> 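Supplied in structure tokens, the structure appears directly below.
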Amino acid sequence: MSSDSKSIVRTRFAPSPSGHLHVGGARTALFCWAYARQHGGKFILRIEDTDQKRSSDAASVGFLRDLKWLGIEWDEGPEFVDRDGSRCGGGAYGPYFQSQRLDLYTKYLQQLVREGKAYYAFDTAAELDAQRKAAREAGRNYRYDRTAATSLSAEQVQRRRDAGEPAVIRFRLPDEPIVIRDEILGEATIPAEQLDDFVICKADGFPTYHFAVVVDDELMQVTHVIRAQEHFMNTARHLRLQEALGFRRPVYAHLPLIFNPDGSKMSKRDKDKALRAAVRSMGVPPVERAGGEVASISADTFAAWLKDKDRQLEFDEANALSEALGVPLPEINVDDFRRSGYLPEVLINYLALLGWNPGGDVEKFDKAFLVERFSFDRVMKGPAKFDRAKLLAFNHDAIQALSTEEFVRLFRAHCAEFHPEFIEHLTPEHFDLLAAANHKRSKTLDDQVRSSRFFIDGDESITYDAADKNLRKVMCAGEPTGRAHLEALLPILQGVSDWSVATLEQAISAYVQQHAGGNLGKVAQPLRIAISGTTISPAIYETLTILGCDATLRRMRRCIEAFACV
RNA sequence: GACCCCAUCGUCUAGCCAGGUCCAGGACACCAGGUUUUCAUCCUGGUAACACGGGUUCAAAUCCCGUUGGGGUCGCCA
């Protein structure tokens, strides 16, 4: 620990293992990263996997990909190689998985026990639960009573441990109020009675979060702890532990929480909540509708899930059900937003703005700006609600600011990953034309995908609802009717030799001039219905070009038949 | 319940720390007109907030106290 290393800023993002990065975590990581960059320091990623109930295999750190996608790159931490070959991680202070640092923790744990600053305790979980419950029923605040544990002699402790009796190690908390200094929240004094002798080593030998954090932050020379506000009270514990171990005290900054618009915590469970609400509002149990199985979910699983609020469907199941019901899932994780076609720089911008702002009226900015201007004194103290409408508006602006070439490139990459069928079913030229035609009407990279399905579906799968009032009006009202226009257009389009935007425009606009009073809508709308079954499509010449001559004519004929217009 | 923190339009927020220039500014949403071959856009205009009550002061959104409201924490989770 050289003296010059003390002056360099080192921040860390320390999530527990997960396949997906939550937006709240993403923002924490972003601020940690920005602060380190601003000061020419290091941003460290550490995996807090001291809970053996959570696995730590490769899939469990799938969120690394999300971090990388956002452009938040870590200087030290788990090694990660992106698809483009760029890498992140490594470093001299590893390992960066806490589960691989057990010997380190044990050393400090023993030190505290030796010094009498910590002690073994043999209470069972059931006993503790009972005590908490009793305190609660008596209207008292529960505090762990250390007398039983600390009255044990060293020999007694040793004997019981040798006999294999499970034991935890608890920290003997000094009986003094604790002052927390926080860069965002200011100073707070926590009365000693609010804390008790917390567990620092579990019965399985793993340190608890509190202990591992304190040891690792010291050993990794972390200078600034930037984390969510839910950790604020924990800081008191960490401060005490640092004092007991003779460690340095990092600077603390606690970020406000992010909520749903309704004030509830943004959670993975929100997806299941949305699906359950949709299923209920539809009345008919989809299990029956789909013949006992919904979207590959067995009837039993489905019924159990529907009843139990705490139950969550698997990732694929939820997606399949969402697709089957036509109910969009709320985006919660970073990869949800990626799938929904948000640009990483937009998500970064919006997330940064949720709880921080540069002052004045500036709200659109990039990472470089954030690195330059970020400061703790402009971080909000209270929680913020996540407003998807505003995020969408930001994304819309960013998409519109893209050149068409750039949009086409991004849209192709998006489809390659999430909708490969568009690339498979269209020629490269037609795919590009579709992308370009959709650019101006896109708010995300994904929002035109659903409405573009008719381009790649077979002609027979286009259905015409002759009872639909709006469709009927377009097809059958007026003189000539839309249907009549289609019939008249049939031979004209059949005669178009080189089927392209230019030739179609020429042929159709000539027809419109002569037979529709120059009103393109009179002709374009029936055509849209014919080819898509709806009145919605990209610009009509591009649409027909992409679809091709044969399919266009076939659909027109089918449409003419479908609308009799008595 | 105890402890800690917070409080400006529906939402995110500027302004507050160094009180007057704020009958409070921006963005998103919403509403009304207009443009547009559909959808989506786009343009113009509009509605909308200093939680409440006391102080301090010539003057308070800005400072102080209280009330109310919101959030966090109270695990062998992190």
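Remember, predicted model here, so these are calculated numbers, not experimental data. We name chains A, B, ... by the order of the sequence lines, and we start the count at 1 in each one.
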> Starting at atom CZ of A/R441, determine the distance to atom P of B/rU36, rounded to an integer number of angstrom.
19 Å

> Taking atom P of B/rU11 as reference, at what distance in whole Å does atom CZ of A/R388 sit?
16 Å

> Who are the side-chain hydrogen bond (donor to acceptor under 3.5 Å, both in side chains) partners of A/R227, not counting sequence neighbours?
A/Y209, A/T235, A/H238, A/H254

> Reading nucleotides 66-75 of chain B 5' to 3', which nucleotides get B (base under 4.0 Å from a protein heavy atom), which S (sugar-phosphate only), which -?
-----SBS-S

> Can you tell me the distance, in whole Å, between the NE2 atom of A/H20 and the P atom of B/rA78?
21 Å

> Hey, is the side chain of A/K440 poking within less than 4.0 Å of OP1 or OP2 on B/rC39, counting only N and O atoms?
no

> Taking atom P of B/rC5 as reference, at what distance in whole Å does atom CD1 of A/I184 sit?
15 Å

> Classify the ring geometry of A/Y105 against A/F211: parallel below 30°, tilted from 30° to 60°, perpendicular beyond 60°.
perpendicular

> Using the P atom as the reference point in each nucleotide, state the distance between B/rU13 and B/rU56 in Å, no decimals.
34 Å

> Pairing check on B/rA2: which nucleotide meets the Watson-Crick or G-U wobble criteria with it, both distances under 3.5 Å?
B/rU73

> Identify the nucleotide, in any strand shown, that forms a Watson-Crick or G-U wobble pair with B/rA7, with both distances under 3.5 Å; if there is none, say none.
B/rU68

> Go through the structure and list residues passing ring pair (Phe, Tyr, Trp, His ring centres under 6.0 Å) with A/F171, not counting sequence neighbours.
A/F198

> Of all the nucleotides listed (B/rC4, B/rU37, B/rC12), which has the minimum atom distance to the side chain of A/Q525?
B/rU37

> Nearest whole angstrom, please: distance from the P of B/rC5 to the CZ of A/F376.
19 Å

> Pick the P atom in B/rA78 and in B/rG66, then give their distance to the nearest Å.
38 Å

> Find every protein N or O atom lying less than 3.5 Å from an N or O atom of nucleotides 24-30 of chain B, and list the pairs.
unit_1 : atom_1 : unit_2 : atom_2 : d
B/rA27 : O4'    : A/E363 : OE2    : 2.8
B/rA27 : O2'    : A/E363 : OE2    : 2.4
B/rA27 : O2'    : A/K390 : NZ     : 3.4
B/rA27 : N3     : A/K390 : NZ     : 2.9
B/rC28 : O2'    : A/K390 : N      : 3.2

> Within the pair A/K381 and B/rC6, is there a side-chain N or O less than 4.0 Å away from OP1 or OP2?
yes

> Only counting residues at least two apart or in another chain, list the ones meeting ring pair (Phe, Tyr, Trp, His ring centres under 6.0 Å) with A/F376.
A/Y35, A/F374

> Under the ring pair (Phe, Tyr, Trp, His ring centres under 6.0 Å) test, which residues partner A/F386, sequence neighbours left out?
A/F337, A/Y350

> What is the distance from CG of A/N519 to C1' of B/rU37, rounded to the nearest Å?
8 Å

> What nucleotide among B/rC3, B/rA14, B/rA78 has an atom nearest to a side-chain atom of A/I190?
B/rC3

> Tell me every residue that passes side-chain hydrogen bond (donor to acceptor under 3.5 Å, both in side chains) with A/H485, counting only those two or more places apart in sequence or in another chain.
A/Y511

> Please give the distance between the P atoms of B/rG25 and B/rG20 as a whole number of Å.
16 Å

> I'd like to check the ring pair (Phe, Tyr, Trp, His ring centres under 6.0 Å) partners of A/F411; sequence neighbours left out, ordered by chain and number.
A/F407, A/F431

> Hey, which sits more toward the 5' end of RNA chain B by its nearest nucleotide, A/P207 or A/N357?
A/N357

> Take atom P in B/rA7 and the same atom in B/rA51, then report the distance between them in whole Å.
10 Å

> Testing the basics here: between A/S537 and A/F454, what is the closest heavy-atom pair and its distance to 0.1 Å?
CB-CZ, 3.9 Å

> With rounding to the closest Å, how many angstrom separate the C1' atoms on B/rA24 and B/rA60?
13 Å

> Can you tell me the distance, in whole Å, between the CG atom of A/L527 and the C1' atom of B/rC39?
16 Å

> Applying the Watson-Crick and G-U wobble criteria at under 3.5 Å, what pairs with B/rA32? Answer none if nothing qualifies.
B/rU44

> Identify the nucleotide, in any strand shown, that forms a Watson-Crick or G-U wobble pair with B/rC58, with both distances under 3.5 Å; if there is none, say none.
B/rG20

> Pick the nucleotide of RNA chain B nearest each of A/C201 and A/P256; which residue has the one closer to the 5' end?
A/P256

> Just checking, A/K265 and A/F259: is the charged tip under 6.0 Å from the six-membered ring centre and within 45° of the axis?
no

> Quick one: which residue pairs count as a ring pair (Phe, Tyr, Trp, His ring centres under 6.0 Å) with a foot in residues 121-147 of chain A, not counting sequence neighbours?
none

> Would you say A/T50 reaches B/rA78's phosphate, i.e. side-chain N/O to OP1/OP2 under 4.0 Å?
yes

